[in-house]
Peer 1: 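Have a look at the structure that comes next, please.
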Amino acid sequence: MEIITTVNEMQNRALQLREQGNTIGFVPTMGYLHDGHQCLMKKARKENDMVVASIFVNPLQFGPNEDFSNYPRDEERDKQKAEKEGVDILFFPTTEEMYPHEQSIIMQAVKRVDVLCGRSRKGHFDGVVTVLAKLFHVTLPNRVYFGLKDAQQVAVVDSLIKDYNFPVQLTAVPTVREEDGLAKSSRNVYLSEKERKEAAYLYQALQFGQSLIVDGEQNPAIIVEEVKRLVREHTSAEIDYVELLTYPDLSSMTQIDNQSILAAAIKFSRARLIDNIIMDKNGEVLTIQ
Ligand code: AMP
């Protein structure tokens, strides 16, 4: 596996690969790799000649009181995991390399961001679209891979690609979970033993919400309340949000839509966790491509 740390070298290498007729699959990450990331890499490996993964903890997408400086990092282990998944090139730039000077042109996400994480993490998706526009230009992918654990991110990236005509195809990959249902996340290491046990209830609460839809409940407010009640009953976490919206437009609805997302974010002492279920109007889980 090649490790590239500069923008110039990465872009030249990508250009060369494309000129030679290779397709490039790209998996952007913030590192501290786990089975969720590895699942994206596996899919990219199957569908492309070359796989490029990036590890970059993007300061622009963290708010002032968020965990940028404490975000877990483990370079050596990440390199081993990426190599094991058949990644051809690991792009590992420093902050200075990605942002050598203050940006002269600022990107701002204006749709699909006034709800869920976009509402509680102001500016987060501006940082996400900025870094992704740069990374797409640097790695020149044919296909990009994102996890549905961050379903709002998938919706915003879909807008970025369409609005700015990036010649890339977006693939969304279902959430990879621990045995008890907790979505795998780099931030799970910051859960205490007690919180780790409680954290499984986040997905269980969402599944209960889903079961209400399966049983015919059509009122989003009732479903949201039930999910909140379960989270409160079984965890010591603070609820950031529980919302039931259309997907991928993320609009509110008065009745269950053809394609909807039941999503939640909760805060434990050192980790904020998110999860969601995307469903059709009968509560059947949808596979989004
Ligand atoms: P991150 O390193 O957290 O920025 O995540 C990088 C990519 O991996 C994003 O597209 C995430 O949605 C995806 N990802 C993170 N956790 C999971 C998971 N448990 N299952 C599937 N994809 C995931």
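Heads up: numbering here begins at 1 and tracks the sequence. When a ligand or atom number is given, it counts from 1 through the structure's own listing order.
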Peer 1: Can a side-chain donor-acceptor contact be found between Gln103 and Thr130 if the only test is distance below 3.5 angstrom?
Peer 2: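 Checked: Thr130/Gln103 side chains show no N/O donor-acceptor pair below 3.5 Å.
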Peer 1: When you look at CD of Glu193, are more than 12 heavy atoms from neighbouring residues, nucleotides or ligands closer to it than 6.0 Å?
Peer 2: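 Not more than 12 within 6.0 Å, no.
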Peer 1: Given a heavy-atom cut-off of 4.0 Å, could you list the residues near ligand 1 in chain and number order?
Peer 2: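 Only Pro28, Thr29, Met30, His34, Gly36, His37, Leu40, Tyr71, Phe146, Gly147, Lys149, Asp150, Gln153, Pro174, Thr175, Val176, Lys184 have heavy atoms that fall under 4.0 Å of ligand 1, ordered by chain and number.
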Peer 1: Honestly, is Arg177 close enough over Tyr203, meaning NZ or CZ under 6.0 Å from the six-membered ring centre and within 45° of the axis?
Peer 2: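 Yes - Arg177 lies over the ring of Tyr203, closer than 6.0 Å to its centre and within 45° of its axis.
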Peer 1: Checking side chain to side chain contact (heavy atoms under 4.5 Å, CB included) between Phe26 and each of Val52, Ile89, Val51, Asn48, which is the one that passes?
Peer 2: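 Exactly one option meets the side chain to side chain contact (heavy atoms under 4.5 Å, CB included) with Phe26, and it is Val52.
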Peer 1: Among Arg121, Arg187, Arg272, Lys267, exactly one meets salt bridge (Lys or Arg N to Asp or Glu O under 4.0 Å) together with Asp67. Which residue is that?
Peer 2: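 Among Arg121, Arg187, Arg272, Lys267, the one meeting salt bridge (Lys or Arg N to Asp or Glu O under 4.0 Å) with Asp67 is Arg187.
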Peer 1: Is it possible for you to check whether Arg73 lies under 6.0 Å from the centre of the six-membered ring of Phe68, through NZ or CZ, and within 45° of that ring's axis?
Peer 2: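 Geometry flag: set, cation within 6.0 Å and 45°.
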